[in-house]
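Single-structure report; data block below.
Residues: numbered from 1 along the sequence shown. Nothing here was measured: the structure is a model prediction, and the numbers come from that model. The basis for the numbers below is simple: all heavy atoms, side chains too, and nothing from hydrogens, waters or symmetry mates.
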Amino acid sequence: MTVGARPRARRGQGAQRGPVRAHATGAASTALRALLESPRRPARVLAAFPAGVYLEVRTELEPHVVAVLCGDAVRLPNAMVINGPMPGVAVGDEAWVGDCCIEIGGLGLRAHRWWDPAPPLGPVEPALLASWLPLLSGLCERSPRRSGLEGNEAAVRLALGCAEGSLLRGVTAAEQLVGLGPGLTPSGDDMIAGLLVALRHLGTAAGVARAVWLADWLAAAVTFDAGGRTTPISAALLHCAARGEASGEVLAVLRGLAGRQALEPALHRLLQLGHTSGADLAWGVRAGLAAVVALAGADR
């Protein structure tokens, strides 16, 4: 991170804000490019932690929540990562996002590089994915990290509906899971997010069009009114997952399933996230993998 003392010229007509006292650079997700390059909009601090600050922006663009994170935090798909301390802000504080900058706590942040939160896996044989399913299931079952909704009937129906290629069963079950569970990202949302990302990426890589079709329709159903059914942070992450955008830990497991890196260490890192978030996401990835394998078999 480079920090200087240059004052920043004010932009915008009639906008009231505090002075920007310092500038810094960070690495931003391409999911934020449209939001950052749009005109300046007001935002407010939703949550503030030592490792990250979450801003809700007044916009119709998605994601409407921006995560400003330190370098060792989980790299969320809607994040800008900076190599320094978090701005000293509190919940409810004002901020600004747009004109290629995030202004928060007297700090102006600009993206000096970008990363892709939905990189393609490349072609994968369905047989390879099928060979990983018993190992992935076994590792998840033996892990002490458990999903927050383990054994939930709607979750079971969602997995079965996707494996059968049933849009009706899948959508009905998924809508029952949105916002279900405590926390900034409820377990039901994390499960759906892992499922959507796995269906889209693994389905595309293996050439299973039915899986991608399911991901499209499930994504449309769960994001339609997510803003009124779950937390703002989780709703934004569901919109990211709808486009196949995920954290680095989820993407690493998908690369492991595609034979691009070691699977077991990647799954272990994913399972360690949060209280149940990692296990919930892993459940979704496993359900998505099982559906892609089943649908590929049905196509043959």
Least distance between heavy atoms, [X] atom then [Y] atom:
{"X": "V89", "Y": "I104", "result": "CG1-CG1, 3.7 Å"}
{"X": "L69", "Y": "R75", "result": "CD1-CA, 4.4 Å"}
{"X": "T59", "Y": "H64", "result": "CG2-CB, 4.1 Å"}
{"X": "E245", "Y": "A31", "result": "OE1-CB, 3.4 Å"}
{"X": "T231", "Y": "P186", "result": "OG1-CD, 4.3 Å"}
{"X": "C70", "Y": "M86", "result": "N-CE, 3.3 Å"}

Closer than 4.0 angstrom, basic N to acidic O: yes or no for [X] and [Y]?
{"X": "E249", "Y": "R269", "result": "no"}
{"X": "R157", "Y": "E164", "result": "no"}
{"X": "R41", "Y": "E60", "result": "no"}

Flag, side chain of [X] to backbone of [Y], donor-acceptor distance under 3.5 Å:
{"X": "T204", "Y": "R200", "answer": "yes"}
{"X": "T223", "Y": "A219", "answer": "yes"}
{"X": "D216", "Y": "W213", "answer": "no"}

[X] [atom1] to [Y] [atom2] distance, which is reported to the nearest 0.5 Å:
{"X": "L121", "Y": "R255", "atom1": "CG", "atom2": "CZ", "answer": "8.5 Å"}
{"X": "L263", "Y": "L270", "atom1": "CG", "atom2": "CG", "answer": "10.5 Å"}
{"X": "L158", "Y": "I192", "atom1": "CG", "atom2": "CD1", "answer": "6.5 Å"}
{"X": "L281", "Y": "S187", "atom1": "CG", "atom2": "OG", "answer": "9.5 Å"}
{"X": "L107", "Y": "I102", "atom1": "CG", "atom2": "CD1", "answer": "9.5 Å"}
{"X": "N152", "Y": "S147", "atom1": "CG", "atom2": "OG", "answer": "8.0 Å"}

Student check: side-chain heavy atoms of [X] and [Y] closer than 4.5 Å:
{"X": "E94", "Y": "R44", "result": "no"}
{"X": "S38", "Y": "L61", "result": "yes"}
{"X": "F49", "Y": "L184", "result": "yes"}
{"X": "R110", "Y": "M80", "result": "no"}
{"X": "L129", "Y": "V124", "result": "yes"}
{"X": "P63", "Y": "L32", "result": "yes"}
{"X": "P119", "Y": "L251", "result": "yes"}
{"X": "S29", "Y": "W114", "result": "no"}

Atom [atom1] of [X] with >12 non-hydrogen neighbours under 6.0 angstrom:
{"X": "E125", "atom1": "CD", "answer": "no"}
{"X": "W132", "atom1": "CH2", "answer": "no"}
{"X": "H275", "atom1": "NE2", "answer": "no"}

Hphob cluster co-occupancy, [X] + [Y], side-chain heavy atoms under 4.5 angstrom:
{"X": "L271", "Y": "L135", "answer": "yes"}
{"X": "L267", "Y": "L128", "answer": "yes"}
{"X": "W217", "Y": "V292", "answer": "yes"}
{"X": "L160", "Y": "L202", "answer": "no"}
{"X": "V156", "Y": "L167", "answer": "no"}

Quiz item: Could you go step by step and tell me if R260 and L254 meet the side-chain contact (heavy atoms from CB on, under 4.5 Å) rule?
Solution: CA-CA 9 Å; R260 311 289 192 259; L254 297 180; over 6 Å; no
Exercise. Would you sort out whether V68 and Y54 count as a side-chain contact (heavy atoms from CB on, under 4.5 Å), showing the intermediate values?
Key: CA-CA 6 Å; V68 179; Y54 295 84; over 6 Å; no
Quiz prompt | Candidate pair S143 and L139, rule side-chain contact (heavy atoms from CB on, under 4.5 Å), full reasoning | solution = CA-CA 6 Å; S143 172; L139 291 172; over 6 Å; no
Exercise. Give me the one residue out of D189, D190, T185 that meets side chain to side chain donor-acceptor pair (under 3.5 Å) with S234.
Key: D189
Exercise. Test side-chain contact (heavy atoms from CB on, under 4.5 Å) on L257 and V285 and set out the steps.
Key: CA-CA 10 Å; L257 294 172; V285 171; 4.1 Å; yes
Quiz prompt | Working for side chain to side chain donor-acceptor pair (under 3.5 Å), residues D280 and T276 | solution = CA-CA 6 Å; D280 294 323; T276 66; 3.0 Å; yes
